[in-house]
Number of protein chains: 2
Amino acid sequence: MTTGRRGLQPRKQPRQARAELTRQRILTAAAHVFAEYGYAAGTTNRIAERARISIGSLYQYYPNKDAILAELLTRHLDAGGDAIRSRQNEEQPDSFEEIIRGFVRAVIENHLDDPQLLRVMMEHGPRSPELFEKITRHERDRVVYTQELLERHPEVRVEDTHVAARLVVSTVELIVHQLIAAPGSIDTTRLENELVAMLTRYVTAAPGGAGGVERPRDEGRAPGGPGARPS
Amino acid sequence: MTTGRRGLQPRKQPRQARAELTRQRILTAAAHVFAEYGYAAGTTNRIAERARISIGSLYQYYPNKDAILAELLTRHLDAGGDAIRSRQNEEQPDSFEEIIRGFVRAVIENHLDDPQLLRVMMEHGPRSPELFEKITRHERDRVVYTQELLERHPEVRVEDTHVAARLVVSTVELIVHQLIAAPGSIDTTRLENELVAMLTRYVTAAPGGAGGVERPRDEGRAPGGPGARPS
DNA sequence: GTCTATACCAAGATAGAC
DNA sequence: GTCTATCTTGGTATAGAC
């Protein structure tokens, strides 16, 4: 029998699994397209083309372009959070340097997949308030976490742990973004080492030591001072 | 005589001065609009509206939207270059920390005018190859300059001055961008001090010292190691 | 030299056949 | 559930009056 099935048989239609696969295809395609063309020129048509589905099908899975970017970014943030949390649980390194290293490494690994894409996501996309909220919240969490870390650890010598935490978090995130995506890319191992060195020295050196912060504040620096220009 | 002038009199038409003023109005308006709406939503209509001229007039001064952004960015870069060069000439501070401080301060001052705008310019705009070239060149110059600085100064202890220079330049630029534009803005003096402390300690601490870089490289870290996720 | 009105185009999103 | 064809929108840029 060539057509062995009877019409009444349910035929086991892949309702969810297949759909989920298509969503994933779209996401992957979008990642490449955004990475290559940027947000504005990363059109839905291109995404659909790359995913090898029609534009109509695409809109059956996502209501609009921003939703695609949003999910992409959500996954990235979640991955980042998971990475840090898992590190935190698995190992409890003793030296502060090792903690910083774990942090830096997690961020680097989370960016290795597609650095260009990440730049687009952080830079071009987040105009929707919902997205912005998500990013802000995520960053705040990391600052809080880092600040606690700084306060808990005896080696740490900083005046204001909050400011230091913000500096550390921003530095890691931004530098990794920038230097991994850069054309003349730096070796990631080297980048990791340098970043770790910089942050560790910053945070553990006693104030007043080499390059300490304890200098007289406000020596009359006014906005628009030397070197400033109208523009 | 109410109409005292004869038709033949040249009437001293403000040919250049007035035009230059209008260009400046457009630029100022564009700065605000880009800062508020971002590049894509910063439409020429809005810019014209804000400059209180018609859209038609706007296009008599600039051929297209990108040209406006380009000039905005050019002015910023030039201002930054000038600031650093003037510092370099005016004062020759002895301690390395003071040099770094001058550098950091120049960047901060150059961003105080309109931090939001700067983010847009660096992030959204540079799709045109000409612009991109300009930015790249500018950054490369700064890296070269910084690298020479590192090599000249005896206090400096880094293995690879090129990598260190890139790290320093990127850090200053990115962190200042980010933290000055941030909502819960940090006091600029504090930011300056912390940044200076971080960079100075990084660059002057002996390798192998506190948080030194001289650890065994490559301990088998592979891409996709622990903490990585598909995404 | 400034304006209004509009052409033109690209991209997002939808309708409706299959 | 997927497609093609098309509508809609909004933004850049221009034409032509004044």
Side-chain angles (χ1 to χ4, degrees), chain A residues 7 10-30 32-72 120 124-128 130-131, chain B residues 7 10-30 32-34 36-72 120 124-125 127-128 130-131:
Chain A
R11 211 161 140 199
K12 212 197 270 180
Q13 285 176 339
R15 242 185 298 205
Q16 282 294 82
R18 190 167 167 73
E20 196 50 43
L21 207 70
T22 308
R23 284 177 69 90
Q24 186 57 50
R25 285 172 58 81
I26 294 171
L27 241 36
T28 309
H32 283 115
V33 170
F34 282 142
E36 186 169 354
Y37 296 93
Y39 177 71
T43 67
T44 47
N45 279 322
R46 271 199 249 263
I47 295 173
E49 185 187 24
R50 177 132 198 165
R52 269 163 335 157
I53 58 172
S54 75
I55 180 67
S57 296
L58 185 147
Y59 277 96
Q60 216 150 25
Y61 290 90
Y62 291 94
N64 55 50
K65 183 180 171 176
D66 283 341
I68 302 177
L69 188 73
E71 180 148 343
L72 232 31
V120 171
H124 295 239
R127 283 295 161 265
S128 83
E130 173 201 60
L131 245 298
Chain B
R11 206 154 144 207
K12 210 197 270 182
Q13 285 177 339
R15 243 183 297 205
Q16 284 293 83
R18 189 166 168 74
E20 197 50 42
L21 207 69
T22 308
R23 283 178 70 90
Q24 187 57 49
R25 286 173 57 81
I26 294 172
L27 241 36
T28 309
H32 283 116
V33 170
F34 282 141
E36 185 168 354
Y37 296 93
Y39 177 71
T43 67
T44 47
N45 280 322
R46 272 198 249 261
I47 294 174
E49 186 188 22
R50 176 131 199 167
R52 270 163 333 158
I53 58 172
S54 74
I55 179 67
S57 295
L58 184 149
Y59 276 96
Q60 216 148 24
Y61 289 91
Y62 291 95
N64 54 49
K65 183 180 171 176
D66 282 341
I68 302 177
L69 188 74
E71 180 147 343
L72 233 31
V120 171
H124 296 238
R127 283 296 161 264
S128 83
E130 172 202 59
L131 245 296

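Chain naming here is simple, since letters A, B, ... match the order of the sequence lines and numbering starts at 1 in each.
The nearest whole Å value for the distance from the CD1 atom in Ile68(B) to the P atom in dG11(D) is 15 Å. A straight line from OH of Tyr37(B) to P of dG11(D) spans 11 Å, rounded to a whole angstrom. We find that CG of Asn64(B) is positioned 13 Å from C1' of dT14(D), with the value rounded to whole Å. Atom CD1 of Ile47(A) is separated from atom C1' of dA13(C) by 13 Å (rounded to the nearest Å). Rounded to whole angstrom, the span from the CD atom of Glu49(B) across to the C1' atom of dT4(C) amounts to 15 Å. For the pair Arg23(B) CZ and dG1(C) P, the interatomic distance rounds to 13 Å; values are reported in whole Å.
Taking the side chain of Lys65(B) as heavy atoms from C-beta on, and the options dT2(C), dG12(C), dA13(D), the nearest nucleotide is dA13(D).
Using a cutoff of 4.0 Å between basic side-chain nitrogens and carboxylate oxygens, Arg46(A) and Glu36(A) are not scored as salt-bridged.
Rounding to the nearest 0.5 angstrom, the gap separating the CG atom in Leu72(B) from the OG1 atom in Thr28(B) is 8.5 Å. In this structure, OH in Tyr39(A) is found 3.0 Å from CG in Asp66(A), a value given to the nearest 0.5 Å. Of the inter-residue distances, the one linking Glu71(B) atom CD with Leu27(B) atom CG reads 5.0 Å to the nearest 0.5 angstrom.
Regarding contacts with the backbone of dG12(C), a side-chain N or O of Thr44(A) is found under 4.0 angstrom from either OP1 or OP2.
Within the nucleic acid shown, Asn45(B) comes within 4.0 Å of at least one base atom, counting heavy atoms only.
The minimum heavy-atom distance between Lys65(B) and Phe34(B), with the atom names listed, is CE-CE2, 3.9 Å.
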Tabulate below the donor-acceptor pairs under 3.5 Å that side-chain atoms of residues 47-61 of chain A make, not counting sequence neighbours, or state none.
residue, atom, partner, partner atom, Å
Ser54(A), OG, Gly56(A), N, 3.4
Ser54(A), OG, Ser57(A), N, 3.2
Ser54(A), OG, Ser57(A), OG, 3.3

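Where the helix from dG1(C)-dC18(D) to dC18(C)-dG1(D) starts and where it ends, the local axes point in directions that differ by 10°; five pairs per end, rounded to 10°.
Of all the residues in residues 52-62 of chain A, Ile53(A), Ser54(A), Ile55(A), Gly56(A), Ser57(A), Gln60(A), Tyr61(A) reach under 4.0 Å from DNA chain D with at least one non-hydrogen atom.
When side chains are defined from C-beta on, Arg23(B) does not count as touching Ile26(B), because their heavy atoms never get closer than 4.5 Å.
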